[in-house]
Amino acid sequence: MTQDVIIAVISSGAFFTFIQYLITRHDKKDDESDTRYKELKDGLEKHDETIQKLNEILVETRKENAGIKQLLIGIGHDKLVYMTDKIARREAITLKEKATLGAIYVPYNLLGGNGDGEAGYKYCVTLPVVTDESAREKDNSLLREDMGINK
């Protein structure tokens, strides 16, 4: 009797319809899973491309910043050498020059400027302080001397 029921169920279309329903449902799940996987994979690939582009921009920016840093060190060095040569020759410094030297030397040193600027700065800040007028007179006197004009 049980065998007759099993045979009747198997031979009826309902059983095969149920099996077909399960297979279709399983295939649909796989399709949805594949779609989500593809979406995630595409998103990750776009993310990787974005990271790569950002990394390239960062490398380029670092190169530009290194160039700007070297340029600033060079300009700072030039200004320090110019000012310290003038001040050392005069053998006196004004308060404005002292402040200006400090304002140039500190960032120059922080950026890694060499010892040439440091030596001139350290020497000049130890010189006696004079007024702006006295410094101008001494500079003019030295200039006349250089040109061979004696007053």
Side-chain angles (χ1 to χ4, degrees), residues 10 13-151:
I10 290 176
F15 178 74
F16 288 108
T17 303
F18 179 69
I19 296 295
Q20 190 175 14
Y21 166 76
L22 290 176
I23 291 171
T24 305
R25 185 173 154 206
H26 180 57
D27 288 346
K28 231 181 193 181
K29 273 186 168 180
D30 286 347
D31 288 346
E32 288 174 6
S33 177
D34 287 345
T35 303
R36 280 190 241 133
Y37 173 76
K38 188 173 186 287
E39 288 172 357
L40 286 173
K41 184 177 176 188
D42 290 345
L44 286 173
E45 286 173 358
K46 288 178 184 175
H47 183 67
D48 287 343
E49 290 172 15
T50 302
I51 288 174
Q52 183 63 32
K53 287 178 185 176
L54 288 173
N55 190 39
E56 290 170 4
I57 291 169
L58 180 62
V59 167
E60 197 61 35
T61 301
R62 284 184 178 160
K63 287 179 186 176
E64 289 174 6
N65 286 347
I68 291 168
K69 177 182 174 183
Q70 289 305 311
L71 178 64
L72 287 174
I73 289 172
I75 292 170
H77 183 268
D78 180 63
K79 187 65 173 176
L80 281 172
V81 169
Y82 172 78
M83 287 184 71
T84 56
D85 283 353
K86 179 180 175 183
I87 294 165
R89 184 160 187 239
R90 183 190 320 135
E91 297 178 347
I93 189 169
T94 67
L95 289 175
K96 287 179 188 175
E97 289 170 332
K98 203 171 204 178
T100 302
L101 277 179
I104 294 170
Y105 174 74
V106 170
Y108 166 82
N109 189 43
L110 287 173
L111 288 173
N114 67 15
D116 292 346
E118 181 179 0
Y121 170 77
K122 286 185 176 180
Y123 172 73
C124 287
V125 294
T126 64
L127 293 173
V129 176
V130 295
T131 64
D132 290 346
E133 182 62 33
S134 177
R136 262 192 304 278
E137 288 174 7
K138 180 69 174 176
D139 289 340
N140 288 336
S141 172
L142 290 169
L143 181 60
R144 284 192 300 275
E145 186 179 302
D146 288 346
M147 297 173 85
I149 305 170
N150 290 328
K151 195 175 183 185

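In terms of heavy-atom proximity, A92 sits nearest to I87 at O-CG2, 3.2 Å. Between G117 and L80, the closest heavy-atom pair is CA-CD1, 4.0 Å. Between T94 and A135 the shortest heavy-atom distance is CG2-CB, 3.5 Å. A pairwise comparison of heavy atoms in Y123 and A88 identifies CE2-CB, 3.6 Å as the closest pair.
In this structure, S141 contributes its side chain and E137 its backbone to no donor-acceptor pair below 3.5 Å.
For D132, the side chain to side chain donor-acceptor pair (under 3.5 Å) partners are K96, not counting sequence neighbours. Annotation: salt bridge (charged side-chain N to carboxylate O under 4.0 Å, His left out) contacts of K122 (sequence neighbours excluded): E118. Looking at residues two or more places apart in sequence or on another chain, you find a side chain to side chain contact (heavy atoms under 4.5 Å, CB included) between D146 and R89.
In this structure, R90 CZ and L142 CG are separated by 8.5 Å, a value rounded to the nearest 0.5 Å. Expressed to the nearest 0.5 Å, how far CG of N55 lies from NZ of K53 amounts to 13.5 Å. The distance from the OH atom of Y105 to the NZ atom of K98 is 15.0 Å, given to the nearest 0.5 Å. Put simply, CD1 on I73 and CD1 on I68 are 12.5 Å apart, with the number rounded to the nearest 0.5 Å. Put simply, OG1 on T100 and NZ on K79 are 8.0 Å apart, with the number rounded to the nearest 0.5 Å. With rounding to the nearest 0.5 angstrom, the CD1 atom of I57 is 13.0 Å from the CZ atom of R62.
Looking at R136 and E133, a side-chain N of the basic residue comes within less than 4.0 Å of a carboxylate O on the acidic one, giving a salt bridge.
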Take K138 and V130 through the test side-chain contact (heavy atoms from CB on, under 4.5 Å) and record every step on the way to the result. CA-CA 10 Å; K138 180 69 174 176; V130 295; over 6 Å; no
